[in-house]
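Everything on this sheet refers to the single structure shown next.
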Amino acid sequence: MLEQTNRLRYFNIFLDSIERQDREVTEAFGHHVHWGYWDSNNLADGSAEDFRRAADQLSVKMCEAGRITDQQRVLDVGCGFGGTIATINDRHEHMDLVGVNIDERQLSRARELVQPAATNKVEFIEADACKLPFENNSFDVVLAVECIFHFPSRELFFKEVKRVLKPGGYLAICDFTPVDMVMPWMGALELMFGGLLSSAYGQSNLRYNYTVDDYEKLAEQTGYRVLQEHDITVNTLPSYLITRQLMRKASPPGWDAELDSMVNQIMEWVSRQGLLRYMIFSFKNLH
Ligand SMILES: C[S@@+](CC[C@H](N)C(=O)[O-])C[C@H]1O[C@@H](n2cnc3c(N)ncnc32)[C@H](O)[C@@H]1O
């Protein structure tokens, strides 16, 4: 998995900052590595603590989308530092919780941070999202929080999740989804920024981003029913400024902070125009 994790350079920044005990970066990105969710944008105060609370809230929203209840076996694919597994572990009983990631460094931090609550089991396993080392029909719910754009293929991932989900089980994901009319422009953006994005953030091939329609087709082709399509763009917008500031502060030599900041600003601008939407989707496995 080393070759793949080498491409996720932004995680090197977080891991270095955590090792240096940078309080702000560790607070903001040492548990969850995803956007925050604010009920109202006016509530965001720009602090790392506030961002952490908002990131917790996004995990709660994902659990609601996956209809997680007590006494379930739940898989979190691309689990980062285990922040979402920790959220479930804190809120539910008699759970069997499994986190999967391609990066052993993230997994070992997750193992340190997340101790199973009295009635729960927690396990973190190294594996690829598209080759899950689990038996057929073995999970009630599968989550993928802000990571599907990194996976080798959304289609393979949906098929693989279908295999490991029990009949009637739920899949919940969140993703940045362009509206249909911007798709022709994504190729141009890819030409301008694709190299930077891929070298810093790993696989992020803009041309192959999925629209809402694409997700609906994928669900139909792979045997799921769409349960929820929730546009939470407006609730996530404060994430751009805080991540821009923290990434700039934490940037090591060799990281192009200016370009990174510009890409962040472009993403914020297209999101504010309604052209790029932050969506939570949930799907029911039909058989
Ligand atoms: C933006 S982070 C999100 C982490 C976590 N879901 C969270 O919300 O805190 C993307 C995650 O996807 C993981 N990832 C990337 N490619 C993967 C793959 N092929 N299989 C499993 N995980 C992968 C990365 O290592 C990283 O932890």
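Quantities reported herein were computed from a predicted structural model and do not represent experimental measurements. For ligands, and for the atoms within them, numbers begin at 1 and follow the listed sequence. Note: hydrogens, waters and symmetry copies are ignored here, and every other heavy atom, side chains too, is used.
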Item to check | Asp76 contact mode with ligand 1 (heavy-atom cut-off under 4.0 Å) | outcome: neither
Checklist entry - Does the Glu229 side chain pair with the main chain of Val226, one donor and one acceptor, at a distance under 3.5 Å? => result no
Next on the checklist: Salt bridge or not between Glu160 and Arg163? Use side-chain N to carboxylate O under 4.0 Å.
Outcome noted: yes
Next on the checklist: Side chain or backbone, does Asn101 bring an N or O within less than 3.5 Å of an N or O on ligand 1?
Outcome noted: yes
Checklist outcome for this item: Taking only non-hydrogen atoms of His150 and a 4.0 Å limit, the atoms of ligand 1 in range are 10 (C), 12 (O), 15 (C), 16 (N)
Checklist entry - What part of Ala55 sits under 4.0 Å from ligand 1 if we count only heavy atoms: the side chain, the backbone, both or neither? => result neither
Item to check | Close approach, Phe149 and ligand 1, non-hydrogen under 4.0 angstrom | outcome: no
Checklist entry - For His34 and ligand 1, does the shortest N/O to N/O distance drop below 3.5 Å? => result yes
Checklist entry - Is the shortest distance from a Lys or Arg side-chain nitrogen in Glu104 or Arg111 to a carboxylate oxygen in the other one below 4.0 Å? => result yes
Item to check | Charged tip of Arg73 within 45° of Phe139 ring normal and under 6.0 Å | outcome: yes
Item to check | Flag, side chain of Asp214 to backbone of Thr211, donor-acceptor distance under 3.5 Å | outcome: yes
Item to check | Sub-3.5 Å N/O-N/O distance, Val33 and ligand 1 | outcome: yes
Checklist entry - Would Met267 end up clustered with Leu275 when hydrophobic side chains under 4.5 Å apart are linked, directly or stepwise? => result yes
Next on the checklist: With a cutoff of 4.0 Å, is Gly83 in contact with ligand 1, counting heavy atoms of the residue only?
Outcome noted: no
Checklist entry - Would you say Pro152 and ligand 1 have an N/O pair spaced under 3.5 Å apart? => result no
Checklist outcome for this item: So the atoms of ligand 1 within less than 4.0 Å of a heavy atom of Asp128 turn out to be 19 (N), 20 (N)
Checklist entry - Should you measure from each heavy atom of Gly80, which atoms of ligand 1 turn up under 4.0 Å away? => result 4 (C), 5 (C), 27 (O)
Checklist entry - At a 4.0 Å threshold, what atoms of ligand 1 neighbour a non-hydrogen atom of Cys147? => result 10 (C), 11 (C), 12 (O)
Item to check | Ligand-side contact atoms (ligand 1) for residue partner Val145, heavy atom cut-off under 4.0 Å | outcome: 3 (C), 5 (C), 6 (N), 8 (O)
Item to check | Aromatic Tyr224 / basic Lys162 pairing, under 6.0 angstrom, 45° off normal | outcome: yes
Next on the checklist: Using a 4.0 Å cut-off to any heavy atom of Leu8, which atoms of ligand 1 qualify?
Outcome noted: 24 (C), 25 (O)
Next on the checklist: Under 4.0 Å, counting heavy atoms only: does Ala127 come that close to any atom of ligand 1?
Outcome noted: yes
Item to check | Glu49 and Arg53 ion-paired at < 4.0 Å | outcome: no
Next on the checklist: Counting only heavy atoms closer than 4.0 Å, does ligand 1 sit against the backbone of Phe11, its side chain, both, or neither?
Outcome noted: side chain
Next on the checklist: Within the 4.0 Å heavy-atom shell around Gln106, which atoms of ligand 1 are there?
Outcome noted: 25 (O), 26 (C), 27 (O)
Checklist entry - Quick one: does Gly78 get an N or O within less than 3.5 Å of an N or O on ligand 1? => result yes
Next on the checklist: Between Tyr170 and Ser282, is the side chain to side chain contact (heavy atoms under 4.5 Å, CB included) condition met? List the steps.
Outcome noted: CA-CA 7 Å; Tyr170 299 111; Ser282 67; 5.8 Å; no
Next on the checklist: Tell me whether Glu24 is salt-bridged to Lys249, with the criterion being a basic N under 4.0 Å from an acidic carboxylate O.
Outcome noted: yes
Item to check | Residues which pass side-chain contact (heavy atoms from CB on, under 4.5 Å) with Glu268, listed by chain and number, not counting sequence neighbours | outcome: Tyr240, Arg244, Arg272
Checklist entry - Between Phe151, Phe157, Trp35, Tyr10, which one has a non-hydrogen atom sitting closest to atom 2 (S) of ligand 1? => result Tyr10
Next on the checklist: Does anything in residues 168-181 form a salt bridge (Lys or Arg N to Asp or Glu O under 4.0 Å)? List the pairs, not counting sequence neighbours.
Outcome noted: Arg154-Asp175
Item to check | Distance filter under 4.0 Å to His32 heavy atoms, resulting ligand 1 atoms | outcome: 9 (O)
